[in-house]
Amino acid sequence: MTTPALNTVSDTFALTTPLYYVNGRPHIGSAYTTMAADALARFYRLRGRSVLSITGTDEHGQKIERTAQSRNIAPQLHCDEMVGEFNRLWEKLNIQYDRFSRTTTPRHHLIVKEFFQRVWDKGDIYLGEQQGWYCVACEEFKEERDLTEEKCCTTHPNQKAEWRDESNYFFRLSSYQERLEELYSAHPEMIQPESRRNEVLSFMKQGLQDFSISRVNLAWGFPFPTDPDHTIYVWFDALLGYVTALLDPDDEPTLDNALKRWWPIDLHIIGKDISRFHALYWPAMLMSAGLEVTQKLFIHGFLTKDGLKMGKSTGNALDAFELTDRYQSDAVRYYFLKEVEFGRDGDFNETRFVNVLNADLANDLGNLLNRTLRMAHKYCEGKVPAVAIPDSDALRSRGEALEGQVVNAYKNVAFHEACGAVLGLAQAGNKYLDERAPWTKYKEGKQEIVEEILYAVLESVRLAAYWLSPITPTLSGAIYKQLGYDVSFSNLKEEAAITLNNHGQWGILSAGQIMEKPQPVFQKLELA
RNA sequence: UGCGGCGUAGAGCAGUUUGGUAGCUCGUUGGGCUCAUAACCCAAAGGUCGUCGGUUCAAAUCCGAUCGCCGCCA
């Protein structure tokens, strides 16, 4: 999706998920981040922004080399297979990305070389000694005191750390201590939420040390440009995948081309496990190369299942593929984005999952449309009534207030708030029907009042569907279809989104529009 | 050891900055309505706000101590 570069900087919005490490198949955590990014991308498209939604994979490093080895296949083949799995899941989840950035591509290699050269010329890379315990799973050196008696790091208690004594090239992170401190004290809002920001700041306060950006005895990586015995450390290469992603498909892979339109990136969405790399290493690397840093970093929490940490070893991992097959993408997207405050840890519980989906989407919203639409067919021949709703109407005021609330929520990456506001309108609609009882008014022959009531509720449902569409595109499309529109929120491209830009306002549903026969837009879920 | 967070009805959370009858969603129970996907609307039950002590006319909210859980410390 490329468009002419006519927009000013503020018209574009580039956001990223992490480039996922392809050690294994995608898990629910990766899905969580990607659903959030997709919802946000869809929101900004609705607002008329040019959006570049970036995801991808991080494919180098010892861990992948060994995983491929154990599977008896070439690393590249292993990566290709995993990429297929990621794509398959994103499709299932109705995720529309604009760029899928892979770190093993030749164009990425060229970007890395050019970037490396800038940092090298700046004098920020030097050869040093490093020895200590190395956890291959983390791809990091560990302090002795952080290891268990069996020499395992706490994150990977089943994998022994290895003693390494090697020469590595280091990046002078320490030189950037002051500039990073200045950056975050001038712009504290760059790291969200606050609790994570404080962790980053207190880590920084202890003093930043240089980190190694090369590895020896590792074939699966880009060769170190100035020393063929080394390969580039996987993180140095992976972060640059964000830059490579900005290239248009037919661009020469140069830094200038990559940076021409979308830089600086507006938002990185990441999990709390990689905040240090994104909040400290990455901006320092960018400063070294003379580039602007990313505008905002949003760090979300981890998911548990029934209150327990998920893990392969514990065997309680939630399979994102299965879950989506069973309940469909909208349900999965809605549950995680509505029921978990983004930034905090959250829990998956299947009973709660079913309860929430049924209560919110099937009953409050879906059934509201159903009952109103049925009346519209009984009382108004299935056409949108031609009436004007007075300013003073309570439901109308509520519908009009929604835009402000929801926009604010999405801008703050507070999906649960956006959902809450939308649901509030649906609940108000139900109550409004109950209080005004159009079925009674109809029997009394008060046709005009009936039409007013129905219009107000139908328009509220439309607004709710519209504002929920970043999260539940399929459902929103189904609602719009029943209301007589020919719009797909699922495959919303920039051009189509623009025609919908004003749909956040009250009064868009036009008189006389022929609506479909009511049919449940969201089937009730049952516990499997 | 250090820094930070959390502990409020069966579950998930808000309220703690600026003390003053304990609130929201889901679930449960009862009633209402009949347009609806047994749905929606109303109401009720359910909490000595981790524990102990202090300040105060009054504390979930302030102070001290204590227990438990979690995060960060390359």
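Just so it is clear, the structure is predicted and the values come from calculations on it, not from any experiment. Naming: A, B, ... by sequence-line order, numbering from 1 per chain.
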In this structure, how many angstroms lie between the [atom2] atom of [N] and the [atom1] atom of [X], rounded?
X	N	atom1	atom2	answer
A/Phe415	B/rU25	CZ	P	23 Å
A/Asp434	B/rC40	CG	C1'	6 Å
A/Leu308	B/rA11	CG	P	15 Å
A/Leu433	B/rC35	CG	P	12 Å
A/Asn370	B/rC40	CG	P	12 Å
A/Ile299	B/rC72	CD1	P	11 Å
A/Leu208	B/rC73	CG	C1'	13 Å
A/Tyr432	B/rC41	OH	P	16 Å

Want to settle it: does A/Val200 or A/Ala359 sit nearer the 5' end of RNA chain B, counting the closest nucleotide to each?
A/Ala359
When the [atom1] atoms of [N] and [M] are considered, how many whole Å apart are they?
N	M	atom1	answer
B/rC62	B/rU16	C1'	10 Å
B/rC73	B/rG2	C1'	8 Å
B/rU1	B/rC67	P	11 Å
B/rA60	B/rG7	C1'	12 Å
B/rA43	B/rC3	C1'	49 Å
B/rU51	B/rA45	C1'	28 Å
B/rA14	B/rU25	C1'	11 Å
B/rU66	B/rU29	C1'	40 Å

Which is true for [X] with a 4.0 Å heavy-atom rule: it touches a base, it touches only sugar-phosphate, or it touches nothing?
X	answer
A/Lys378	sugar-phosphate
A/Gly429	nothing
A/Tyr281	base
A/Lys441	nothing

Going by the rule ring-ring contact (aromatic ring centres under 6.0 Å, His included), which residues pair with [X] if we only count those two or more places apart in sequence or in a different chain?
X	value
A/Phe170	A/Tyr126
A/Tyr134	A/Phe141
A/His300	A/Tyr32, A/Phe342

Is [N] paired to anything, Watson-Crick or G-U wobble with both distances less than 3.5 Å, and if yes, which nucleotide?
N	value
B/rG64	B/rC52
B/rU29	B/rA43
B/rC3	B/rG71

Pairing residues for A/Glu65 by the salt bridge (Lys or Arg N to Asp or Glu O under 4.0 Å) criterion, not counting sequence neighbours
none
If you check every side-chain atom of [X], which of [options] has the closest atom?
X	options	value
A/Gln427	B/rU34, B/rA74, B/rC41	B/rC41
A/Lys272	B/rC40, B/rG71, B/rC73	B/rG71
A/Asn430	B/rC41, B/rC13, B/rU37	B/rC41
A/Arg344	B/rU37, B/rC13, B/rC41	B/rC13

Please list, for nucleotides 42-45 of chain B, all pairs of protein and nucleotide N/O atoms separated by less than 3.5 Å.
from   : atom 1 : to       : atom 2 : distance (Å)
B/rC42 : OP1    : A/Lys431 : NZ     : 2.6

Please name the residue in the list A/Leu425, A/Asp360, A/Leu468 that meets the side chain to side chain contact (heavy atoms under 4.5 Å, CB included) test with A/Leu365.
A/Leu468
Contacts to RNA chain B from residues 346-355 of chain A, heavy-atom cutoff under 4.0 Å, which residues?
A/Arg352, A/Asn355
So, with a heavy-atom separation below 4.0 Å from RNA chain B, the residues of residues 508-525 of chain A are A/Pro520, A/Val521, A/Phe522, A/Lys524
Residues pairing under side-chain hydrogen bond (donor to acceptor under 3.5 Å, both in side chains) where one sits in residues 514-528 of chain A, two or more places apart or in two chains, turn out to be A/Lys481-A/Glu516
Under the side-chain hydrogen bond (donor to acceptor under 3.5 Å, both in side chains) rule, what pairs show up with a residue in residues 451-462 of chain A, not counting sequence neighbours?
A/Gln447-A/Glu451, A/Glu459-A/Arg462, A/Arg462-A/Tyr480
Find out whether [X] and [Y] are in side-chain contact, i.e. whether some heavy atom of one side chain is under 4.5 Å from a heavy atom of the other.
X	Y	result
A/Leu267	A/Thr16	no
A/Arg352	A/Tyr335	yes
A/Pro438	A/Ile449	no

Identify all pairs in which a protein N or O lies below 3.5 Å from an N or O of nucleotides 2-7 of chain B, and state each distance.
none

Once side-chain hydrogen bond (donor to acceptor under 3.5 Å, both in side chains) is applied, do any residues pair with A/Thr67, and if so which ones, sequence neighbours excluded?
A/Asn23
Between A/Glu448 and A/Lys446 (salt bridge meaning N to carboxylate O under 4.0 Å), is one present in this structure?
no
Decide whether A/Tyr242 and A/His278 meet the rule of one side-chain donor and one side-chain acceptor closer than 3.5 Å.
yes
Do A/Lys272's NZ or CZ and the ring of A/Phe302 fall within the cation-pi criteria of under 6.0 Å and 45°?
yes
With respect to the phosphate group of B/rU25, does any side-chain polar atom (N or O) of A/Lys338 fall under 4.0 Å of OP1 or OP2?
no
Between A/Tyr379 and A/Tyr442, how do the two ring planes meet: parallel, tilted or perpendicular, split at 30° and 60°?
parallel
Just grab all the ring pair (Phe, Tyr, Trp, His ring centres under 6.0 Å) pairs involving residues 189-216 of chain A, residues at least two apart or on different chains.
A/Phe171-A/Phe211, A/Phe211-A/Tyr281
